[in-house]
Trainee: 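Here's a structure for you.
Every value quoted in this text rests on a predicted model; they were computed, and no experiment measured them. In this chain, numbering begins with 1 at the start of the sequence shown.
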Amino acid sequence: MARMLISLFLGIYALLGGGIAAAEPSHAIAMHGEPALPADFAHFPYANPEAPKGGAINYAWPGTFDSINPFIVQGSGARGSLDLVFGNNVFETLMMRSADEPFSLYPLLAKSIKTDDERTFVEFTLDERAKFSDGKPVTPEDVIFTFNLLAEKGFPRYGVTAGKVEKVEQVGTNGVRFTFKRPDRELPLILALFPVLPKHAIDAETFDKSTLRPMVGSGPYRLETVKAGDSLTFRKNPDYWAKDIPSKRGFDNYDTITLTYFREENAMFEAFKKGLVDVFLDENSGRWASQYDFPAVTRGDIIKETIKTRLPSGMLGIVLNTRQPVFEDAALRAALIDLFDFEWANRTLFSGSYTRTRSFFDNSDLSSANRPASENERALLAPFPDAVTPEILANGWTPPISDGSGLDRAFMRAGFEKLKKAGYVLKDGRLLAPDGKPVAFEIMLKSNENQQVAVAYQQTLAKLGIEVSIRSVDAAQFLQRQINYDFDAMFFNYTASLSPGVEQLNRWGSSSKEKPGTFNYAGVADPAVDAMIEALINARTREDFVDAVRAYDRVLLSGAYIVPLYFKPEQWIAHWKRIERPDVVPLQGAQFPTWWHAVN
């Protein structure tokens with residue numbers, strides 16, 4: 001009996017975090033649930049391990065650069081060294097993210113990861129084979145040096161992450177352990193995506209200064225040539241340490257990578273047409289619809305592909321600042337949302353290329369669109385009975401649909417009826433609020449961005465007596481007014497991932513409403529929003545996480561804080577046929593580092 005009681009006590013103690021059951025190292029980690037790939041996986045499913053090696057790739061990007069340090073505030077850092085689009089060619093992180101899962105990481109510089117159930121710490125064991133391009137090994141000392149350097153002199157986001165860490169220390173010969181100030185579900189993954197720089201090759205004193213001198217990294221390429229403001233050329237390191245590990249099989253297939261900057265996007269497109277650029281990632285709906293009739297396309301030398309992704313749409317829209325008296329009434333905000341004529345704008349301005357956004361996480365399983373709330377969602381929302389409208393609870397948000405003519409009387413009448421129901425009246429050609437004041441507001445634009453859409457919306461609302469003025473300001477003034485919430489309405493794009501987390505507090509949490517410089521441009525302070533953010537941050541299983549995000553989505557949509565506009569659920573990519581790609585497209589869309597130059 002005594003032995004049974006002792007065993008029972010020890011089991012309960014371990015479950016409560018007493019430390020009896022030690023955490024075990026793992027090859028991978030997922031934000032929620034378990035990683036999809038086993039410890040003995042051969043390669044990522046979207047990479048072709050038999051891809052031909054060799055040849056060159058020529059990329060292009062709009063703009064310019066005056067620094068090749070991608071970690072600091074000073075200067076305009078060049079792309080390509082540590083890059084979501086073109087790959088981590090020079091610098092590497094402790095672990096590598098799978099593009100085919102919401103948020104899972106696999107071995108790279110670190111061969112294993114260890115954390116506890118509460119995630120109060122994370123420990124990485126470095127791969128003994130890992131080395132920098134100058135042949136020196138990657139050590140725990142390099143990891144600790146980089147962490148401290150970036151916390152002090154890197155982008156502010158590194159300092160924010162470092163502020164959550166109580167201490168960092170070497171463990172054994174090849175391990176590094178980060179102990180957190182408080183449990184954090186996401187922090188082990190964020191730290192796993194920290195780059196590692198060589199202590200022996202970095203001047204810490206001048207690290208925060210712009211430079212054009214190539215830096216030493218552990219990645220598959222060395223930065224060979226820098227033409228200031230114009231181009232960079234990366235050459236394959238023949239001694240790259242990780243070329244045969246599973247996470248990198250089928251990646252890094254070119255001998256050289258050249259990235260050329262163009263001041264004008266039209267000039268970049270012309271260079272692509274001439275064959276000076278191999279791949280063109282197009283973001284212009286008009287060009288994609290009508291400007292690919294040149295000879296190289298008709299001959300079949302250029303392949304034009306629409307690649308579907310399963311990434312959340314995010315929310316591009318017109319933010320309504322509830323700090324302003326005109327937008328205090330949620331009923332008015334909801335009516336203004338219904339009066340955006342997407343069908344006309346899409347047909348007339350965008351060649352029918354876009355899809356109406358119905359959710360902050362549209363195009364993904366996190367979206368509430370066309371989904372009734374689950375029992376778990378309803379339980380989360382139960383303490384806030386008025387936070388979600390019955391319609392959105394039943395099936396998500398369904399936007400009104402016009403006939404696309406710009407003259408749809410039924411569409412306008414439905415919007416007007418919603419205003420009348422809320423106490424608004426049309427008198428002498430002006431819409432008056434219940435207090436008798438005219439409904440009028442200003443849309444602030446940065447230079448002329450989104451001007452066509454703003455004018456179209458202005459003209460629609462004018463038909464119902466709503467006075468909308470449009471003010472274009474320069475980038476500096478726009479930023480200052482944005483930081484201080486000195487605007488009525490403005491365009492903004494809230495990007496989204498498959499793993500929303502603590503960043504949502506800075507976007508919609510009550511604590512961010514009064515702080516200058518947050519992303520809470522709408523001025524939201526709603527206990528239901530706060531509770532849903534808390535639920536998604538603390539979710540353990542993927543199922544609980546998805547339910548929490550959908551409930552959160554419903555609360556934000558019901559609050560009518562932003563006029564949803566549009567998105568494209570695909571990538572528009574044109575490339576010369578000499579460049580080929582794997583057959584499998586992952587969850588997050590095309591992955592250029594897995595493409596290759598065809599063998600002639």
Trainee: Do you know which two heavy atoms are closest between Lys114 and Phe121, and how far apart they sit?
Mentor: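 Distance-wise, the nearest heavy atoms are O-CE1, 3.6 Å.
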Trainee: Mark yes when over 12 heavy atoms from residues, nucleotides or ligands other than Lys568 sit less than 6.0 Å from its NZ; otherwise mark no.
Mentor: yes
Trainee: Evaluate the ring planes of Phe147 and Phe194, with Trp represented by its six-membered ring, and classify them as parallel (under 30°), tilted (30 to 60°) or perpendicular (over 60°).
Mentor: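 The arrangement is tilted - the two ring planes meet at 30° to 60°.
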Trainee: Does any part of the side chain of Asp127, heavy atoms only, come nearer than 4.5 Å to the side chain of Pro107, both counted from C-beta?
Mentor: no
Trainee: If you count heavy atoms of other groups shown closer than 6.0 angstrom to NZ of Lys227, is the number above 12?
Mentor: no
Trainee: Measure across Gly589 and Thr309 and return the closest heavy-atom pair with its distance rounded to 0.1 Å.
Mentor: CA-CG2, 3.7 Å
Trainee: Is the backbone of Ser512 close enough, under 3.5 Å, to the side chain of Thr518 for a donor and an acceptor to pair up by distance?
Mentor: yes
Trainee: Answer yes or no: is there an ion pair linking Arg119 with Glu186, defined by an N-O contact shorter than 4.0 Å?
Mentor: no
Trainee: Under a plain distance cut-off of 3.5 Å, with no hydrogens placed, do Thr233 and Tyr221 share a side-chain donor-acceptor pair?
Mentor: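 No donor-acceptor contact under 3.5 Å links the two side chains.
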Trainee: Tell me whether Leu193 at atom CG has more than 12 heavy atoms from other residues, nucleotides or ligands lying less than 6.0 Å away.
Mentor: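 Yes, CG of Leu193 has more than 12 neighbouring heavy atoms, counting only those of other groups under 6.0 Å.
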Trainee: Do we see a donor-acceptor contact under 3.5 Å between the side chains of Ser374 and Asp547?
Mentor: yes
Trainee: Inspect the contact between Asp134 and Lys136 and indicate whether a charged nitrogen and a carboxylate oxygen are less than 4.0 angstrom apart.
Mentor: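 Result for this pair is no, no salt bridge flagged.
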Trainee: What is the minimum heavy-atom distance between Val90 and Met215, and which atoms define it?
Mentor: CG1-O, 3.8 Å
Trainee: Would you give me the side-chain donor-acceptor pairs under 3.5 Å for residues 59-66, sequence neighbours excluded?
Mentor:
residue: Thr64; atom: OG1; partner: Gly229; partner atom: O; Å: 3.1
residue: Asp66; atom: OD1; partner: Ser76; partner atom: N; Å: 2.6

Trainee: Where the side chain of Asn363 meets the backbone of Leu311, is there a donor-acceptor pair that is under 3.5 Å apart?
Mentor: yes
Trainee: Sub-3.5 Å donor-acceptor pair from the side chain of Asp142 to the main-chain atoms of Lys199, do we have one?
Mentor: yes
Trainee: Less than 4.0 angstrom from a charged side-chain N to a carboxylate O is my criterion; do Lys131 and Asp239 meet it?
Mentor: no
Trainee: Decide if the gap between the ring center of Tyr494 and the ring center of Phe492 is smaller than 6.0 angstrom.
Mentor: yes
Trainee: Is it the case that Ser510 and Asp530 place a side-chain donor and acceptor less than 3.5 Å from each other?
Mentor: yes
Trainee: Parallel under 30°, tilted from 30 to 60°, perpendicular over 60°: which one fits the rings of Tyr552 and Phe361?
Mentor: tilted
Trainee: Under 30°, 30 to 60°, or over 60°: which ring-plane class applies to Trp595 and Phe592, parallel, tilted or perpendicular?
Mentor: perpendicular
Trainee: A quick test of your reading: do over 12 heavy atoms of other residues, nucleotides or ligands sit less than 6.0 Å from CD of Gln74?
Mentor: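 Enclosed.
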Trainee: Above 12 or not: heavy atoms from other molecules or residues under 6.0 Å from CD of Glu169?
Mentor: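 Enclosed: over 12 neighbouring heavy atoms sit under 6.0 Å from CD of Glu169.
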Trainee: I'd like to know if Arg182 pairs up with Glu118 as an ion pair, taking the criterion as any Lys NZ or Arg NE/NH1/NH2 lying under 4.0 Å from an Asp or Glu carboxylate oxygen.
Mentor: no
Trainee: So Tyr106 and His27, would you call those rings parallel, tilted or perpendicular, with 30° and 60° as cut-offs?
Mentor: tilted
Trainee: How close do Ala99 and Gln591 get, counting heavy atoms only, and between which atoms?
Mentor: CB-CD, 3.5 Å
Trainee: Do Lys248 side-chain atoms and Leu108 backbone N/O form a donor-acceptor pair below 3.5 Å?
Mentor: no
Trainee: Taking all non-hydrogen atoms of both residues, which atom of Ile537 and which atom of Leu505 are closest, and how far apart?
Mentor: CD1-CD1, 4.3 Å
Trainee: Do Glu534 and Asn538 have a side chain donor and acceptor closer than 3.5 Å?
Mentor: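 Yes, because at least one side-chain N or O of Glu534 sits under 3.5 Å from a partner of the opposite role on Asn538.
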Trainee: So among Arg507, Glu503, Gln504, which one has a side chain to side chain contact (heavy atoms under 4.5 Å, CB included) with Ile533?
Mentor: Gln504
Trainee: If you look at every heavy atom in Ile29 and Pro188, which pair is closest and at what distance?
Mentor: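 Between these two residues, the closest heavy atoms are CD1-CB, 4.0 Å.
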